[in-house]
Peer 1: 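Have a look at the structure that comes next, please.
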Amino acid sequence: MSGYDKITPPKTGEKITKDDSGKNIVPDKPIIPYIAGDGIGPEIMDAMKKVVDAAVKKAYNGKKEIIWFEIFAGDKARKIYAAEYSDEQLSELDPAVLRDLYLPKDTLNAIVDHVIAIKGPLTTPIGGGFRSLNVAIRQKLDLYSCIRPAKHIKGVPAPVKHPENVNMVIFRENIEDVYSGIEFEPESADAKKLITFLNDKLGKNITMESGIGIKPMSWANTSRLVRMAINYAFEKGFDKVTLVHKGNIMKFTEGKFKDWGYKLAAEEFADSVITEKEVYDKFDGKIPEGKVMISDRIADSMFQQILLRPAEYGVLALPNLNGDYISDALAAQVGGLGFAPGANVGDKAAVFEATHGTAPKHAGLNKVNPGSVIYSAIMMLDYMDWTEAAEIINSGVEKAIAQRKVTYDIARQLSDVEPIGTSEFAEAIITNL
């Protein structure tokens with residue numbers, strides 16, 4: 001991309017690029033765009049940047065440095081890109097036009113142009129108006145895989161007896177399923193037209209007052225998600241990939257997700273991926289060394305499995321809605337969203353993000369836990385192959401927690417611990433790098 005409307009890239013640093021195989025080419029001083037976010041976003045992002053800058057400097061003796069480039073979405077974008085509109089004028093805009101003011105083309109172009117970005121939480125309106133900005137970023141940039149690791153950090157209180165048994169990575173399909181946004185309001189002309197067609201032409205029996213949603217799933221989008229999940233399993237040393245679906249009920253959407261996952265594994269990983277049935281029929285239930293086992297589980301059953309047998313699972317590949325539920329459930333098992341990282345990754349760009357909301361009632365109080373976006377930055381550094389910096393941040397967080405230097409969300413679950421603020425937690429991590 002060349003030129004932006006209302007943002008100016010840094011004068012120093014270089015862009016990250018990709019080679020012909022899709023591998024990241026990361027210079028020593030990469031420019032990383034960031035979106036501060038709404039509510040508590042600016043505070044946690046400031047904390048994250050300080051921690052990352054200190055870790056990169058320490059890990060590489062000052063030879064590497066991230067050049068931060070602020071871009072805008074959410075309320076801050078509205079102030080910059082819609083300054084000439086009154087609140088009343090904004091309320092009268094078409095939702096698509098309004099969304100483009102909250103998520104401007106500058107921002108999307110900058111992410112693609114620089115390959116890797118990181119963001120804080122953004123406000124999602126409920127009910128009318130435009131749809132989630134988080135979903136819009138994923139869909140507009142074709143960031144088809146939402147990757148969310150769930151692993152317990154020693155010292156973080158958790159509601160289960162053995163949170164240390166949880167070590168799973170969610171690969172959630174980002175583009176299709178109910179999040180594709182195809183729905184029709186009850187009593188609307190379009191809803192009635194569609195219901196009439198379904199009832200009269202296809203023999204269905206849908207009440208005319210119903211709201212209608214459409215749930216698309218395709219081979220193209222399923223296969224690339226499962227491909228990424230399997231490749232990740234090999235790269236990170238996992239020996240299991242599990243397809244999680246509701247195919248016993250929705251046979252031609254979620255059932256096809258399962259079938260297509262197995263098909264992709266058989267066609268592209270025939271020498272290295274083995275089915276669960278083969279493992280038990282031919283190898284007495286033991287996965288041969290160097291192989292990855294692919295299996296599937298019904299979604300509701302999987303909720304039991306992650307509680308009762310978490311150690312038996314590694315990488316999970318799921319449609320969009322199932323992935324949303326189960327990634328949050330896993331985060332709860334290891335202590336909550338405060339330390340839950342996330343990444344949205346496609347073939348051309350990746351956006352790392354805090355996985356929680358904006359928590360507006362805590363904004364500006366220097367109170368909240370910046371752990372989610374810090375761990376997302378760890379994922380980002382690992383994605384850049386700056387693993388040394390990623391590892392020392394992880395170690396610094398664990399040491400700070402062991403010293404009981406924690407924010408209020410963790411302190412209130414411990415006895416006789418005085419909480420520290422957002423910025424103080426960042427400083428505690430830096431001290432322990």
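Computed from heavy atoms alone, side chains included, the values below leave out hydrogens, waters and symmetry copies.
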Peer 1: Do Ile306 and Met302 pass the side-chain contact (heavy atoms from CB on, under 4.5 Å) test, and can you show the C-alpha distance, the side-chain angles, and the key distance before you say yes or no?
Peer 2: CA-CA 6 Å; Ile306 63 175; Met302 195 65 198; 3.8 Å; yes

Peer 1: Between the side chain of Asn24 and the main-chain N/O of Met384, is any donor-acceptor distance below 3.5 Å?
Peer 2: no

Peer 1: Kindly check if the number of other-residue, nucleotide or ligand heavy atoms within 6.0 Å of NZ (Lys64) is above 12?
Peer 2: yes

Peer 1: Could you go step by step and tell me if Tyr60 and Asp28 meet the side chain to side chain donor-acceptor pair (under 3.5 Å) rule?
Peer 2: CA-CA 10 Å; Tyr60 305 110; Asp28 286 342; over 6 Å; no

Peer 1: Just one of Arg224, Lys263, Arg227 clears the salt bridge (Lys or Arg N to Asp or Glu O under 4.0 Å) bar with Glu268, so which one?
Peer 2: Arg227

Peer 1: So does Asp200 have more than 12 non-hydrogen atoms from other groups sitting under 6.0 Å from CG?
Peer 2: yes

Peer 1: For the CG atom on Asp281, are there more than 12 heavy atoms of other groups (residues, nucleotides or ligands in this structure) within a distance under 6.0 Å?
Peer 2: yes

Peer 1: Looking at every heavy atom in both Leu264 and Ser223, which two are closest together, and how far apart are they?
Peer 2: CG-O, 3.6 Å

Peer 1: Quick one, Ile326 and Leu316 - any side-chain contact, counting heavy atoms below 4.5 Å?
Peer 2: yes

Peer 1: Can you find a heavy atom in the side chain of Glu353 that is under 4.5 Å from one in the side chain of Leu122?
Peer 2: no

Peer 1: Please tell me if the side chains of Lys193 and Phe197 come closer than 4.5 Å, counting only heavy atoms from C-beta onward.
Peer 2: no

Peer 1: How many angstroms lie between CG in Leu225 and CG in Asn174, if you round to the nearest 0.5 Å?
Peer 2: 8.5 Å

Peer 1: Classify the ring geometry between Tyr325 and Phe303 as parallel (under 30°), tilted (30 to 60°) or perpendicular (over 60°).
Peer 2: tilted

Peer 1: Return the minimal non-hydrogen interatomic distance between Ala340 and Ala331, and the atom names on each side.
Peer 2: CB-CB, 3.9 Å

Peer 1: Hey, could you give me the CE/OG distance between Met168 and Ser327, rounded to the nearest 0.5 Å?
Peer 2: 12.0 Å

Peer 1: Between Asn394 and Glu398, is there a side-chain heavy-atom distance shorter than 4.5 Å?
Peer 2: yes

Peer 1: In terms of side-chain geometry, is the basic nitrogen of Asp100 or Lys105 positioned less than 4.0 Å from the acidic oxygen of its partner?
Peer 2: no

Peer 1: If you count every heavy atom of other residues, nucleotides or ligands that lies below 6.0 Å from Lys236 atom NZ, does the total exceed 12?
Peer 2: yes

Peer 1: Can you tell me if NZ on Lys57 sees more than 12 non-hydrogen neighbours from other groups inside 6.0 Å?
Peer 2: no

Peer 1: Let me confirm one number: the CE-OG distance from Met45 to Ser376, rounded to the nearest 0.5 Å.
Peer 2: 9.5 Å

Peer 1: Before giving the answer on salt bridge (Lys or Arg N to Asp or Glu O under 4.0 Å), spell out for Asp53 and Lys49 the whole-Å C-alpha distance, their side-chain angles and the decisive distance to 0.1 Å.
Peer 2: CA-CA 6 Å; Asp53 287 344; Lys49 289 190 292 174; over 6 Å; no

Peer 1: Is any NZ, NE, NH1 or NH2 atom of the basic residue among Asp385 and Lys23 found under 4.0 Å from an Asp or Glu carboxylate oxygen of the other?
Peer 2: yes

Peer 1: Output yes when Glu187 and Lys192 qualify as a salt bridge under the 4.0 Å nitrogen-oxygen rule, no when they do not.
Peer 2: yes

Peer 1: Spell out, as yes or no, whether a donor-acceptor pair under 3.5 Å connects the side chain of Gln139 to the backbone of Tyr179.
Peer 2: yes

Peer 1: Between Trp219 and Trp260, what is the ring plane arrangement, given parallel below 30°, perpendicular above 60°, and tilted in between?
Peer 2: perpendicular

Peer 1: Give the intermediate values and the outcome of side chain to side chain donor-acceptor pair (under 3.5 Å) for residues Tyr408 and Asn369.
Peer 2: CA-CA 8 Å; Tyr408 86 99; Asn369 183 358; over 6 Å; no

Peer 1: So which atom in Ala343 and which in Met379 form the shortest heavy-atom distance, rounded to 0.1 Å?
Peer 2: CB-CE, 3.7 Å

Peer 1: Can you check whether Lys399's main-chain N or O pairs, donor with acceptor, with Asn432's side chain at less than 3.5 Å?
Peer 2: no

Peer 1: Does the side chain of Tyr313 reach to within under 4.5 Å of the side chain of Arg297, using non-hydrogen atoms?
Peer 2: yes

Peer 1: Counting heavy atoms not belonging to Lys151, are there more than 12 under 6.0 Å from its NZ?
Peer 2: no

Peer 1: With side chains defined as the heavy atoms from C-beta onward, is the minimum distance between Lys246 and Leu321 less than 4.5 Å?
Peer 2: no

Peer 1: Using a 3.5 Å distance criterion without hydrogens, assess whether the side chain of Ser132 forms a donor-acceptor pair with backbone atoms of Asn134.
Peer 2: yes

Peer 1: If you count every heavy atom of other residues, nucleotides or ligands that lies below 6.0 Å from Glu185 atom CD, does the total exceed 12?
Peer 2: no

Peer 1: What heavy-atom pair brings Ile393 and Ile429 nearest, and what distance separates the two atoms?
Peer 2: O-CG2, 4.3 Å

Peer 1: Tell me whether the count of non-hydrogen atoms from other residues, nucleotides or ligands lying under 6.0 Å of NZ in Lys18 goes above 12.
Peer 2: yes

Peer 1: Looking at Asp142 and Lys348, is any side-chain nitrogen of the basic one under 4.0 Å from a carboxylate oxygen of the acidic one?
Peer 2: no

Peer 1: Give the C-alpha distance, both sets of side-chain angles, the deciding distance and a yes or no for side chain to side chain donor-acceptor pair (under 3.5 Å) between Asp190 and Ser188.
Peer 2: CA-CA 5 Å; Asp190 286 341; Ser188 67; 5.7 Å; no

Peer 1: Could you tell me if the side chain of Glu427 sits less than 4.5 Å from the side chain of Lys405, heavy atoms only?
Peer 2: no

Peer 1: For Ile410, run the side-chain contact (heavy atoms from CB on, under 4.5 Å) check against Val417, Ile420, Val156 and tell me which one passes.
Peer 2: Val156

Peer 1: I'd like to check Ile32 versus Ile16 (side-chain heavy atoms, cut-off strictly below 4.5 Å). Are they in contact?
Peer 2: yes

